[in-house]
Amino acid sequence: MKKAEKSSTPSLRYLQMLSRQYPTVQAASSEIINLQTILNLPKGTEHFISDVHGEYEAFQHILNSASGVVREKVDELFSTSVSKADRDQLATLIYYPAEKLEEIYTSNKAEMDEWYRITLHRLIDVCRVAASKYTRSKVRKAMPKEYAYIIDELINTNYEYHDKREYYENIISTIIDIDRAENFIIAMCNLIKRLIVDHLHLVGDVFDRGPRADIIMDTLMNYHSVDIQWGNHDVLWMGAATGSRTLVATVLSNSIHYNNLEVIETGYGISLRPLALFANDVYRDVDCSCFAAKLTNDSGDLNEKDIALAARMHKAITIILFKLEGQKILRHPEFRMNDRLLLDKIDYENKCITINGTTYPLADTDFPTVDREHPYDLSQEEDQMIRQLTASFQHSEKLQKHVRFLYSKGGLYKVFNGNLLLHGCIPLTDDGEVMEFKINGKSLRGQDFMDFAESVARQGYYARSGSAERQYGMDFLWFLWCGRHSPTYGRDRMTTFERRLIKDEDAWTEPKNAYYTYYNDPDVCERLMKDFGLEGPHCHIINGHVPVKSKKGESPIKGGGKLIVIDGGFCRAYQPTTGIAGYTLIYNSNCLRLVSHKPFAGKENAIRENLDIASFSEVFERMEARIKISQTDIGAQLQQQVDDLKALLRAYKMGEVNEDHKA
């Protein structure tokens with residue numbers, strides 16, 4: 001090959017750039033050996049969680065316990081040598097090290113040195129097992145810097161040799177003697193949790209229903225490796241953060257309805273005073289009984305004045321919501337939702353409304369801000385108030401930080417290690433075909449539509465403020481939240497209007513997309529996966545969104561094992577329907593395991609009584625042989641690096657690239 005031809009070859013230019021990182025044969029060879037070693041290690045454990053809906057204590061416990069995997073390691077090591085009570089305590093310590101240490105110290109001050117010694121030995125054993133599937137280099141990178149050298153020594157010491165055992169005991173004694181035992185124990189517990197799970201998948205719906213989604217978001221932002229599939233409740237909050245007045249009104253309407261304002265006021269520092277003042281002024285003498293907030297045992301000590309104000313606020317913001325939704329529907333006929341224009345269909349004289357050919361009595365028609373001639377126009381006061389509230393969402397530093405994280409780590413779907421992860425559905429027609437959406441003169445379906453929808457959702461946040469692209473993106477986020485057969489919502493319509501104003505529950509029906517019928521068919525599941533590039537015996541679709549009604553005998557495993565629904569009622573509001581408190585999924589190098597959970601008794605009880613979440617684990621798919629990293633998506637990337645480095649070695653040997661021994 002001529003020299004001129006070499007210099008013009010793109011692959012050669014790439015190898016020359018690669019040589020800057022690996023400037024010698026020795027450097028390239030060492031990296032190949034390192035990567036080949038990694039490729040032959042077992043696949044890391046993946047943890048799948050969905051629909052946590054603000055239930056931060058239960059979420060953090062499931063995360064800390066890795067859905068029972070931590071306890072399994074403890075029992076495997078110590079079931080024959082340590083009492084159940086002590087194993088319970090050790091597991092709780094790993095979950096909540098700082099809090100548990102404080103509780104133990106308070107009740108056991110006199111014998112703490114011996115307790116420290118025993119506990120450190122046990123934690124080192126657990127840590128050694130947790131680290132066994134990783135390279136020593138990766139484990140070192142996961143260690144807290146201040147203790148990395150010591151931990152590395154302790155978990156890699158050969159204790160069969162007397163001298164090493166003495167060395168090991170001296171390290172532990174020194175840690176205790178200089179009063180660093182508690183700090184070291186906390187570091188060890190956090191490292192164990194870090195090593196037990198290699199990667200977390202959050203399959204949608206962090207927000208709404210439960211009390212503090214912001215705490216869950218803080219936890220996710222500090223987690224070592226995570227991806228998120230946006231749920232409809234997530235895109236709702238994402239849209240509110242972009243400045244969509246419609247989605248701000250939706251967030252407020254939902255939160256007031258479920259008496260869940262803590263996340264707004266305390267979590268994100270958003271004041272609802274403008275809404276309270278407006279509601280008290282305009283709705284003080286208006287019947288608001290249809291808009292009374294749902295009260296539960298956790299609602300606190302609300303007096304009659306508070307309850308009345310909440311109902312006024314709820315009615316005020318919901319009427320604004322109906323108007324703003326109407327404006328979006330009129331602005332976007334391509335959403336095919338004109339039948340959801342309902343304010344103009346109200347018969348005030350007869351106090352009824354006709355929807356899809358059926359006439360229903362209305363429980364309330366007292367709407368002081370609705371102009372019957374122009375029902376979708378906001379009053380001047382409504383417009384001013386909703387703009388003020390929207391600005392508060394846009395200026396909440398914490399909310400904006402969380403939404404940016406959702407955009408950076410999230411998307412509508414993810415293909416990962418043979419699994420297709422998505423929160424809601426791939427919309428299907430009634431005859432089982434992939435549904436077509438006509439958007440901006442284009443017909444899109446399946447993966448093409450999902451990719452388009454995700455890009456427009458990003459446009460709603462990142463496009464220039466005030467631009468047509470930004471406005472369309474915000475409107476499309478609303479469509480993703482509640483639009484007809486949206487992939488995150490997956491229903492024909494959202495009947496908020498009917499649920500608030502019509503007592504006949506037949507009007508409340510929200511028909512599901514045909515996906516939720518056809519996902520029981522293995523052939524349909526395989527066809528959908530193939531559209532996303534997945535084929536083979538161990539490929540699956542993993543869904544959240546629709547709670548599995550376990551107490552009625554429904555199984556989370558659909559399509560002959562091709563699809564798994566892991567929304568089992570994490571949120572307490574859904575638990576009476578589901579009969580459990582959520583499903584999670586563990587995918588390690590040996591098997592896929594579904595874990596069902598009972599309701600969580602709370603963090604305080606867990607720490608004080610060493611109570612774990614009662615869980616039942618079922619292996620529903622076992623691998624023929626242990627999966628190695630070489631068989632994973634990351635393995636494919638590493639193999640490509642190996643191939644590139646081998647090409648670099650050949651280039652060095654053929655004299656096409658020169659070594660640089662001075663680098």
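Throughout, numbering of the chain's residues begins at 1 and tracks the sequence.
Between K401 and E397, none of the side-chain N atoms (NZ, or NE/NH1/NH2) sits under 4.0 Å from a carboxylate O, so this pair counts as no salt bridge. Between D364 and K315 there is a salt bridge, since at least one side-chain N of the basic residue sits less than 4.0 Å from a carboxylate O of the acidic one. The pair D383-R245 meets the salt-bridge criterion, since a charged nitrogen lies less than 4.0 angstrom from a carboxylate oxygen. A salt bridge does not link E334 with K328: every distance from a Lys NZ or Arg NE/NH1/NH2 to an Asp or Glu carboxylate oxygen is 4.0 Å or more. Salt bridge E57/R212: absent, no basic N to carboxylate O contact under 4.0 Å. R312 has no carboxylate O lying under 4.0 Å from a charged side-chain N of D281, or vice versa, which leaves the two without a salt bridge.
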(request) List the steps and the verdict of side chain to side chain contact (heavy atoms under 4.5 Å, CB included) for L422 and L412. (result) CA-CA 6 Å; L422 67 151; L412 283 179; over 6 Å; no
(request) Would you sort out whether S253 and T318 count as a side chain to side chain donor-acceptor pair (under 3.5 Å), showing the intermediate values? (result) CA-CA 6 Å; S253 179; T318 303; 2.9 Å; yes
(request) Given side chain to side chain contact (heavy atoms under 4.5 Å, CB included), test R209 with N260 step by step and report yes or no. (result) CA-CA 7 Å; R209 301 290 190 264; N260 182 27; 5.7 Å; no
(request) Decide yes or no on side chain to side chain contact (heavy atoms under 4.5 Å, CB included) for L247 and M238, but give the supporting numbers first. (result) CA-CA 9 Å; L247 294 177; M238 289 158 61; over 6 Å; no
(request) Take Y489 and H545, measure what side chain to side chain donor-acceptor pair (under 3.5 Å) needs, and give me the verdict at the end. (result) CA-CA 8 Å; Y489 180 53; H545 189 48; over 6 Å; no
(request) Just do the side chain to side chain contact (heavy atoms under 4.5 Å, CB included) check on Y583 and L594 with the steps written out, would you? (result) CA-CA 7 Å; Y583 289 105; L594 193 67; 4.1 Å; yes
(request) Check the pair Q60 / T219 against side chain to side chain donor-acceptor pair (under 3.5 Å), numbers first and verdict last. (result) CA-CA 8 Å; Q60 289 177 328; T219 302; 2.9 Å; yes
(request) Tell me, with the steps shown, if D214 and K398 meet salt bridge (charged side-chain N to carboxylate O under 4.0 Å, His left out). (result) CA-CA 8 Å; D214 62 299; K398 188 175 182 181; 3.0 Å; yes
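A donor-acceptor contact under 3.5 angstrom links the side chains of Q400 and Y461, judged on distance only. In the model, N419 has a side-chain atom that pairs as donor or acceptor with a side-chain atom of H540 under 3.5 Å. Side-chain contact check for E325 and T246: no donor-acceptor pair (N or O, by modelled atom type) lies under 3.5 Å. Side-chain polar atoms of K351 and T365 form no donor-acceptor pair below 3.5 angstrom. A donor and an acceptor atom, one from each side chain of H485 and Y515, are nowhere located under 3.5 Å apart. In summary, the side chains of D205 and W230 do not present any donor paired with an acceptor at a separation below 3.5 Å, with no hydrogens or angles considered.
Not counting sequence neighbours, the partners of F291 by the ring-ring contact (aromatic ring centres under 6.0 Å, His included) test are H314. Taking the ring-ring contact (aromatic ring centres under 6.0 Å, His included) definition, one finds that F48 meets it with H201, sequence neighbours left out.
Annotation: side chain of T242 is not in contact with side chain of Y462 (no heavy-atom distance under 4.5 Å). The closest side-chain heavy-atom distance from N259 to K294 is not below 4.5 Å. In this structure, T250 and M494 have side chains that are not in contact, with every pair of non-hydrogen atoms separated by 4.5 Å or more. Side chains of V203 and N543 form no contact here, defined as non-hydrogen atoms less than 4.5 Å apart. Considering only heavy atoms from C-beta on, V524 comes within 4.5 Å of R527 through its side chain. Residues H402 and L406 have side chains not in contact (no heavy-atom distance under 4.5 Å, counting atoms from C-beta outward). Proximity of V263 to I215: side-chain heavy atoms (C-beta onward) are nowhere separated by under 4.5 Å. F393 has its side chain out of reach of Y268: every pair of non-hydrogen atoms, C-beta onward, lies at least 4.5 Å apart.
Side chain of Q459 to main chain of V456: no donor-acceptor pair is present (N/O by atom type, distance under 3.5 Å, no hydrogens or angles). Formation of a donor-acceptor pair under 3.5 Å by the R331 side chain with backbone atoms of D475 is not found in this model. Put simply, the side chain of N513 gets close to the backbone of L428: a donor and an acceptor are under 3.5 Å apart. Using a distance-only test at 3.5 Å, with no hydrogens or angles considered, a donor-acceptor pair links the side chain of T488 to the main chain of L480. Under the 3.5 Å distance criterion, the side-chain polar atoms of R470 are matched with a main-chain donor or acceptor of A463. Proximity of a side-chain donor or acceptor of T354 to a complementary backbone N or O of T359 within less than 3.5 Å is not detected. The backbone N or O of E510 sits less than 3.5 Å from a side-chain atom of R491, completing a donor-acceptor pair. Looking only at distances, a side-chain donor or acceptor of W508 sits under 3.5 Å from a matching main-chain atom of E498. The backbone N or O of S392 sits nowhere less than 3.5 Å from a side-chain atom of S396 that would complete a donor-acceptor pair. Side-chain N or O atoms of Q327 include one that pairs as donor or acceptor with a backbone N or O of Y376 at under 3.5 Å.
L309 CG to E304 CD: the interatomic distance, rounded to the nearest 0.5 Å, is 13.5 Å. A distance of 9.0 Å separates CG in D506 from OG1 in T358, rounded to the nearest 0.5 Å. Annotation: the span from N520 atom CG to Y518 atom OH amounts to 11.5 Å, rounded to 0.5 Å. Between Y413 atom OH and Q229 atom CD the span is 11.0 Å, to the nearest 0.5 Å. Taking CG of D531 as the reference point, atom CD1 of I426 lies at 7.5 Å (rounded to 0.5 Å). Rounded to the nearest 0.5 angstrom, F437 CZ and R336 CZ are separated by 6.5 Å.
Taking the six-membered ring where the residue is Trp, F367 and Y348 present perpendicular rings, their angle passing 60° and hence far from 30°. Ring-plane geometry between F479 and F476 is classed as tilted, the angle between the planes lying from 30 to 60 degrees on a 0 to 90 degree scale. Using the six-membered ring where Trp is involved, H53 and H233 have ring planes that are perpendicular, over 60° apart on the 30 and 60° scheme. Classification of the H61-F600 ring pair by plane angle, with boundaries at 30° and 60°, yields tilted.
Within 6.0 Å of CD on Q384 lie no more than 12 heavy atoms contributed by other residues, nucleotides or ligands. The number of heavy atoms from other shown groups lying within 6.0 Å of CG (D430) does not exceed 12. Around the NZ atom of K503, the shell of radius 6.0 Å holds no more than 12 heavy atoms that belong to other residues, nucleotides or ligands. Other residues, nucleotides and ligands contribute more than 12 heavy atoms inside 6.0 Å of the CG atom of D431.
The ring of F335 has its center closer than 6.0 angstrom to the ring center of H332.
Nearest heavy atoms, A292 versus H257: O-ND1, 4.4 Å.
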